[in-house]
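Notes to accompany the following structure.
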Amino acid sequence: MQKNLSIAIILPAYNEEATIEATIRAFHQAVPEASIYVINNCSTDNTTDIAQRTLEEIHASGAVIQEMRKGKGNALRTAFLQIDADYYLLADADLTYPANRARDLLAPVMRDEADMVVGDRQSGGHYAKENKRPLHGFGNQLVQGLINGLFRAHLSDVMSGYRAFSRNFVKNYPILVEGFQIETDMTLHALDKRFRILELPIEYQDRPQGSVSKLNTLSDGAKVLLTIAQIFRYYRPLAFFGGLSILFVIGGIWASVPVLNDWLTHRYIYHVPLAILATGMEILALMLLGIGLILDALAHQQKMEYERSLLQLSIKMKADQSE
């Protein structure tokens, strides 16, 4: 017997008293059968009270969940752990994403055509038009280009916060990041573990007057650079440590030029410190290459174990559905 499939709409919120009510009402109107969960993430305004009152007024199922560890990644970790549903929809609580496109994002997941559907703000030019922070757009493009190059993908918006997920993805996604890097991390996890990603162009608008962005250009720019380094380190360890190895090889060769010149000319080494430096750099280069090879083998083994766990979970879910 086919059970009724459940939908959970997740709205992380940090000081969104100006927009939380309108956001809840918009998504309830778009998908009235869904449960709406507001993840209050250390708000110091009236976000919690407004959200709770709104859910009661419209008679929507769901709840306001408190997460006292600051950061969107922490909020989503709590949501994915506590909320059990067949399908999930993630959106920001600031009215920047169109609630009337919710069913469009959910549809491919519900038809089992995708594990994650991303609301693409970039393809239609809406984000570039509405975004008032040029450096944020540059950071988005930088990370996007790197990810597409490493994974041979053709994604247009790796940082969109408007996404639909299958239960299989949500319950097999370990959230290790705490902040706004969560969207990039989701994309990386999906690509690395071969989940099916579909992008759907959507309309995007900037925050309404009275709603303030929590992003900081300088600090978040530094986090983008750190994210780029971590992408190489975690997902392409051989490229990361192999690249460092090549740099040390080149540095060692450069340091050894005067040493070799001493030996060829005088059959004696006068630049002893440079000889020690060159030898040390070449040894370090070999060590880095060895670390890269070992971590690359471990990453491959981890992917094999992950695939096995997915297969076992799939068998269990089919058995549960047939009961």
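Using a cutoff of 4.0 Å between basic side-chain nitrogens and carboxylate oxygens, Asp84 and Arg167 are scored as salt-bridged. Using a 4.0 Å cut-off between charged side-chain N and carboxylate O, Glu21 and Arg53 make a salt bridge. Ion pairing of Lys72 with Asp92 is present here, as a side-chain N (NZ or NE/NH1/NH2) and a carboxylate O approach within less than 4.0 Å. Between Glu203 and Arg101 there is a salt bridge, with a side-chain nitrogen of the basic residue lying less than 4.0 Å from a carboxylate oxygen of the acidic one. Between Glu183 and Arg163, none of the side-chain N atoms (NZ, or NE/NH1/NH2) sits under 4.0 Å from a carboxylate O, so this pair counts as no salt bridge. One finds a salt bridge joining Glu57 and Arg25 here, because a Lys/Arg side-chain nitrogen approaches an Asp/Glu carboxylate oxygen to under 4.0 Å.
For residues 33-49, every residue pair satisfying the salt bridge (charged side-chain N to carboxylate O under 4.0 Å, His left out) rule, not counting sequence neighbours, is listed here: Glu33-Arg103.
Hydrophobic cluster membership of Leu81, counting Ile, Leu, Val, Met, Phe, Trp and Tyr whose side-chain heavy atoms lie under 4.5 Å apart directly or via other members: none, as it forms a cluster of its own.
The cationic atom of Arg121 (NZ for Lys, CZ for Arg) lies less than 6.0 Å from the six-membered ring centre of Tyr204 and within 45° of the ring axis.
Partners of Tyr87 under the ring-ring contact (aromatic ring centres under 6.0 Å, His included) rule, at least two apart in sequence or in another chain, do not exist in this structure. Not counting sequence neighbours, the partners of Lys303 by the salt bridge (Lys or Arg N to Asp or Glu O under 4.0 Å) test are Asp192.
Between Ile269 and Val272 the shortest heavy-atom distance is O-CG2, 3.9 Å. Smallest separation of non-hydrogen atoms from Ile202 and Pro98: CD1-CD, 4.2 Å. The two residues Ala91 and Pro12 have their closest heavy-atom pair at O-CD, 3.3 Å.
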Donor-acceptor pairs under 3.5 angstrom involving side-chain atoms of residues 282-289: please list them, not counting sequence neighbours.
unit_1: Glu282; atom_1: OE2; unit_2: Ile253; atom_2: N; d: 3.3

Donor-acceptor contacts under 3.5 Å from residues 145-153 side chains, at least two apart:
unit_1: Asn148; atom_1: OD1; unit_2: Leu155; atom_2: N; d: 3.0
unit_1: Asn148; atom_1: ND2; unit_2: Gln144; atom_2: O; d: 3.4
unit_1: Asn148; atom_1: ND2; unit_2: Leu155; atom_2: O; d: 2.9

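Below 30°, between 30° and 60°, or above 60°: for Tyr173 and His189 the angle between ring planes is between 30° and 60°, a tilted geometry. Using a 30° and 60° split on the angle between ring planes, Tyr270 and His266 fall in the perpendicular class, above 60°.
Put simply, OG1 on Thr47 and CG on Leu11 are 11.5 Å apart, with the number rounded to the nearest 0.5 Å. Rounding to the nearest 0.5 angstrom, the gap separating the CZ atom in Phe232 from the CG atom in Leu244 is 10.5 Å.
Put simply, the side chain of Asn40 never gets that close to the backbone of Gln66: no donor and acceptor are under 3.5 Å apart.
For the pair Tyr235 and Leu191, the minimum side-chain heavy-atom distance is 4.5 Å or more.
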